[in-house]
Amino acid sequence: MTKPKDPEVSIKTRVVRGAEPARYAHHALTPPIVQTASYAFADTAELVAFFEGRGGPGQEYGRYGNPTARLLEERVAELEGAGDGLAFASGMAALTTTILALTRSGSHVVLFADCYRRTRHFVRDFLARFGVDHTLLAPGDVDGLEAALRPETRLVISEAPTNPFQIVLDLERMSAICRAQRVKTLVDSTFATPINLRPLELGVDLVAHSATKYLAGHHDVLGGVLVGNAGLVSLVRELHHEMGAVLDPHAAFLCLRGLKTLALRVEAQNRTGLALAQALEGHPRVRRVWYPGLASHPSHAVATRTMSGFGGVVSFELEASLEATGRFIDACRLPRIAPSLGGVDSLIEQPARMSYFELDADQRQNLGVPDSLVRYAVGIEGEHDIIADTLRGLDSFEG
Ligand code: PLP
């Protein structure tokens, strides 16, 4: 780390001037994009010295490290209060490499049924082929955790808040239960960001982010970051060198640039998210709003205790059919219809027709995905514009 965490300095300042070297090469104000696949040695003596750990370049080959990606690793680690970090080509690369590194044939993994769908599929369909068993716990069911742990449980995977119903797990309790049994915990904190939640401070071992979302924040790059204690991260790093899903230096630069405005963006998205949720609650065409900042949300108490903001994603169910819900989405003029979240543009989607497009009505119902569910990921546009556009859409769509 170039600079240790200083708790006296607010996170607003640390996202701008956190773990950065005092000076970049060529006196540049911004981090250089070190666009290289290999690192060159002056002579054989330097090569030998490098392999003997006596100096030379930081690494010899791009799959083993890159200075621009390294800076992102250090910066996110500092923001999360972690010993070390590791950058990946995507959030899924971070999650799959980490899960693979921490399990082996005969291991057991516990995950919550509402964690990111692809993470669940990876454990259920892919890891099962290699003799890794798993247990799915109901959303938020920390009470069920103790009974789910087995002597061979290696890892508990959770998210906070979850998609689309925004369940916020009691991470402190989850970590305490797992620590007592020497089980590692991995939290996908993509929806929260270090601005709203710092799971490591609650006892969690590892935190993963899809940097594609809030951290980079502009819908223009895929990336992933893992942070945690240095020993665990280095275990994952070893496998990362072989799996090879490394973050491209230019993508790392875009993530670093996005990080500078993280606090500003997330604070605005927290404000707009809460205001939108409040405006929707009680509207005659809205059946239910799922936002942890509302007192009506099942995780409100835990979220209020552990988070400093509730994020920019608001999920809500309409008093409408599958088709009519699509008409509401089409009636909204401001948000773009697209997957993803956490960026500067507001995005809207109907999970029944986007993330779960391949499922029929019965399968969706079994999974608890209502036809009339809408997920609104607010951007940084004007709060009043977003709310006015949504209310106008609600008032005008054909039911
Ligand atoms: N975790 C969560 C909560 C996500 O929403 C996503 C993407 O939608 C991922 C992980 C995967 O990240 P990526 O798309 O960067 O691979």
Side-chain angles (χ1 to χ4, degrees), residues 69 72-73 76 80 85-100 111-124 126 139-140 155 157-169 171 185-194 196-197 199 204 206-227 236 240 243-248 251-252 254-255 258-259 266 269 273 290 292 299 307 310-315 336-343 345 347-351 354-357 369 373 375-378:
L72 178 69
E73 294 170 349
V76 179
E80 290 280 9
L86 193 51
F88 295 83
S90 68
M92 274 317 287
L95 288 159
T96 54
T97 309
T98 303
I99 297 167
L100 275 174
L111 57 174
F112 290 84
D114 55 347
C115 74
Y116 182 55
R117 200 164 163 233
R118 297 291 175 190
T119 309
R120 226 163 53 226
H121 289 183
F122 176 73
V123 173
R124 186 192 69 194
F126 183 80
L155 188 61
I157 305 168
S158 67
E159 255 167 55
T162 57
N163 180 46
F165 297 114
Q166 319 253 12
I167 302 300
V168 181
L169 216 54
L171 295 180
T185 46
L186 166 64
V187 168
D188 179 338
S189 200
T190 299
F191 272 57
T193 83
N196 285 341
L197 177 74
V204 167
L206 289 165
V207 170
H209 285 280
S210 166
T212 314
K213 312 296 180 338
Y214 288 100
L215 299 192
H218 291 72
H219 313 287
D220 52 10
V221 65
L222 287 164
V225 183
L226 175 78
V227 298
V236 181
H240 189 32
M243 300 297 289
V246 295
L247 187 65
D248 173 80
L254 289 175
C255 294
L259 264 193
V266 172
Q269 286 161 311
W290 298 87
S299 299
M307 300 181 73
F310 305 109
V313 177
V314 182
S315 298
R336 316 288 293 271
I337 302 173
S340 203
L341 60 125
D345 291 55
L347 306 180
I348 195 166
E349 66 156 301
Q350 186 178 0
M354 179 82 77
S355 321
Y356 298 91
F357 66 96
V369 180
L373 184 70
R375 190 184 82 173
Y376 199 124
V378 303

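Fair warning: this is a prediction, and the values are worked out from it, not measured in the lab. Just so you know, ligand 1 is whichever comes first in the structure, and atom 1 is the first atom listed for that ligand.
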(message) Using a 4.0 Å cut-off to any heavy atom of Gly91, which atoms of ligand 1 qualify?
(response) 12 (O), 13 (P), 15 (O), 16 (O)
(request) Classify the contact between Thr119 and ligand 1 as side chain, backbone, both or neither, using a heavy-atom distance cut-off of under 4.0 Å. (result) neither
(request) Quick one: closest heavy-atom pair of Leu341 and Arg375, and the distance? (result) CD2-NH2, 3.8 Å
(request) Flag the pair Asp188 / Cys115 as yes when at least one side-chain heavy-atom distance between them is below 4.5 Å, and no otherwise. (result) no
(request) Return the residue, atom name and 0.1 Å-rounded distance of the protein heavy atom closest to atom 15 (O) of ligand 1. (result) Thr212 OG1, 2.6 Å
(message) Does Arg117, at its CZ atom, have more than 12 non-hydrogen atoms belonging to other residues, nucleotides or ligands within less than 6.0 Å?
(response) yes
(message) So, 4.0 Å and heavy atoms of Leu95: is ligand 1 close enough to count as a contact?
(response) yes
(request) Mind running side chain to side chain contact (heavy atoms under 4.5 Å, CB included) on Phe88 and Thr96 for me, showing each step along the way? (result) CA-CA 10 Å; Phe88 295 83; Thr96 54; over 6 Å; no
(request) Name the closest protein heavy atom to atom 16 (O) of ligand 1, giving the residue it belongs to and the distance to 0.1 Å. (result) Met92 N, 2.8 Å
(message) Give the atom numbers and elements of ligand 1 that come within less than 4.0 Å of a heavy atom of Gly223.
(response) 15 (O)
(request) Would you mind checking which non-hydrogen protein atom is closest to atom 1 (N) of ligand 1, with the distance to 0.1 Å? (result) Asp188 OD2, 2.5 Å
(request) Around atom 9 (C) of ligand 1, find the nearest protein heavy atom and jot down its residue, atom name and distance. (result) Tyr116 CE2, 3.5 Å
(message) Less than 4.0 Å is my threshold; does some heavy atom of Lys213 fall inside it relative to ligand 1?
(response) yes
(request) Search all heavy atoms of Gln166 against all heavy atoms of Phe191 and return the closest pair with its distance. (result) OE1-CD2, 4.3 Å
(message) What I want to check is whether the side chains of Glu349 and Ser355 have a donor and an acceptor closer together than 3.5 Å.
(response) yes
(request) Please list, chain by chain and in numerical order, all residues satisfying side-chain contact (heavy atoms from CB on, under 4.5 Å) with Pro139, sequence neighbours excluded. (result) Ala113, Asp114, Ile167
